[in-house]
Amino acid sequence: MWKKDRYILLLIIILLLLVLLFAWGAGRLRLSAVFGKKLFEEQFRAAAVLSEATAPKQEKESAEKPVKEGEEKEDKGKVALTFDDGPHPVYTLQLLNGLAERKVKATFFITGKNAENYPDLVLRMYEEGHLIGNHTYSHLQLNNRNREKFKAELVQTNEIIKEITGEEVVFVRPPYGSWDKKFEEELNMFPVLWTIDPLDWCSDDVSCVVNKVIPKIKENSIILMHDEYASTVTAALRIVDELQEEGYTFVTVDEILFD
């Protein structure tokens, strides 16, 4: 009898052990599932935080991205660079070389005397597309007593320029801005003054000349300079570089007056 009871007890113990093992395994499975779920949720939240933190930075980097090479600049409009008193055998040549490198057209108001002395430079101006105007023969300033002499110098200079270029001269820059409107009908010529005068003739400080031009520039500005000074050539080319970078286009003065 005792032997039989012992087998029954052993069977019961084995069954209890099996139940305990099953319960323990199921508990571990549930624990793993819960732990895995929590781990997934924490990773998801971390990814969301990381995405939120980096998104503004990416947008900022995109906004600060530099303009690609070759992209068009904003068009600020046209301006005219004009030079009086030349041509000069050294500085006008340097200026023409610099303008050619930059593909810039300018307007030259030349004296008849200098045109006679340096016809090759006048011809080069014309062939390279620059506009040539009259600045009298001897840089004469008009007054109440010399009207006829002034008129004669305009006519003389027109003839000298036409002999070199083959073209009639239409535009005149009267020295010091002194003008008689009757000449417009008598000679069929149009005066051209200026909107910006950096006084380059009285300063060899290149930066000073440049700084008298750049802040005043706006569309259709006409800049007065003189191509008989080394400092003027340097300043003029620096002005061209800075204004082209800003988006301005250099044209001959007739495009501003009549377009």
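Below, each value reflects all heavy atoms present in this structure, side chains not excepted, and no hydrogens, waters or symmetry copies.
- Of all heavy-atom pairs spanning W179 and P191, the tightest one is NE1-CG, 3.4 Å.
- The CE atom of M125 sits 11.0 Å away from the CG atom of L131 when rounded to the nearest 0.5 Å.
- Counting non-hydrogen atoms of neighbouring residues, nucleotides and ligands closer than 6.0 angstrom, the CH2 atom of W201 reaches no more than 12 such neighbours.
- A 4.5 Å side-chain heavy-atom check between Y91 and T232 finds every atom pair outside the cut-off.
- Smallest separation of non-hydrogen atoms from N114 and D85: ND2-O, 2.7 Å.
- F183 and F150 have their aromatic ring centers within a separation under 6.0 angstrom.
- Residues W194 and V172 fall into different hydrophobic clusters, defined by Ile, Leu, Val, Met, Phe, Trp and Tyr side chains chained together at heavy-atom separations under 4.5 Å.
- D254 and T252 form a side-chain donor-acceptor contact under 3.5 Å, judged by distance and modelled atom types alone.
- By the 6.0 Å contact criterion, NZ on K149 is open, its count of non-hydrogen atoms from other residues, nucleotides or ligands being 12 or less.
- Under the 3.5 Å distance criterion, the side-chain polar atoms of N146 are matched with a main-chain donor or acceptor of N143.
- For the residue pair D227 and H88, no side-chain donor N or O sits within less than 3.5 Å of a side-chain acceptor on the partner.
- In this structure the side chain of V209 never reaches within 4.5 angstrom of the side chain of R238, judged on heavy atoms.
- The two residues V253 and I222 make their nearest non-hydrogen contact at CG2-CD1, 3.7 Å.
- For V79 against I217, the heavy-atom pair with the smallest separation is CG1-CG2, 4.2 Å.
- Between F108 and F83, the ring planes are parallel. Angles under 30° get that label, and only those over 60° would be called perpendicular.
- With values rounded to the nearest 0.5 angstrom, T92 atom OG1 is found 12.0 Å from H226 atom NE2.
- Contact annotation: the side chain of I239 approaches that of M225 to within less than 4.5 Å [non-hydrogen atoms, C-beta and beyond].
- Environment of NZ in K113: sparse, with no more than 12 heavy atoms of neighbouring residues, nucleotides or ligands closer than 6.0 Å.
- In this structure, K162 does not pair ionically with E167, as no charged nitrogen and carboxylate oxygen lie closer than 4.0 Å.
- Side chains of L257 and V192 form a contact here, defined as non-hydrogen atoms less than 4.5 Å apart.
- Under the 4.5 Å side-chain heavy-atom criterion for grouping Ile, Leu, Val, Met, Phe, Trp and Tyr, L199 is connected to Y229 within one hydrophobic cluster.
- Around CD of E242, the count of heavy atoms belonging to other residues, nucleotides or ligands within 6.0 Å exceeds 12.
- Cluster annotation: L243 is connected to V206 through the hydrophobic network of ILVMFWY side chains, with a link wherever side-chain heavy atoms come within less than 4.5 Å.
- For the residue pair R124/N97, the side-chain donor-acceptor check at 3.5 Å is satisfied.
- With respect to E186 and R147, a salt bridge is recorded, a charged nitrogen being found less than 4.0 Å from a carboxylate O.
- Annotation for N211 and P215: closest pair O-CD, 3.1 Å, computed over non-hydrogen atoms.
- In this structure, the side chain of S203 does not engage the main chain of D200 through any donor-acceptor pair within 3.5 Å.
- The OG1 atom of T136 sits 12.5 Å away from atom CZ of R173, with the distance rounded to the nearest 0.5 Å.
- Two residues are said to be in side-chain contact when any heavy atoms from C-beta on lie closer than 4.5 Å; L121 and Y126 fail this criterion.
- With a 4.5 Å cut-off on side-chain heavy atoms, V122 and I132 count as touching.
- Between P175 and L140, the shortest heavy-atom contact is CG-O, 3.3 Å.
- Between F250 and V240 there is a side-chain heavy-atom pair separated by less than 4.5 Å.
- Residues T111 and E153 form no side-chain contact, since every pair of their non-hydrogen atoms from C-beta on lies 4.5 Å or further apart.
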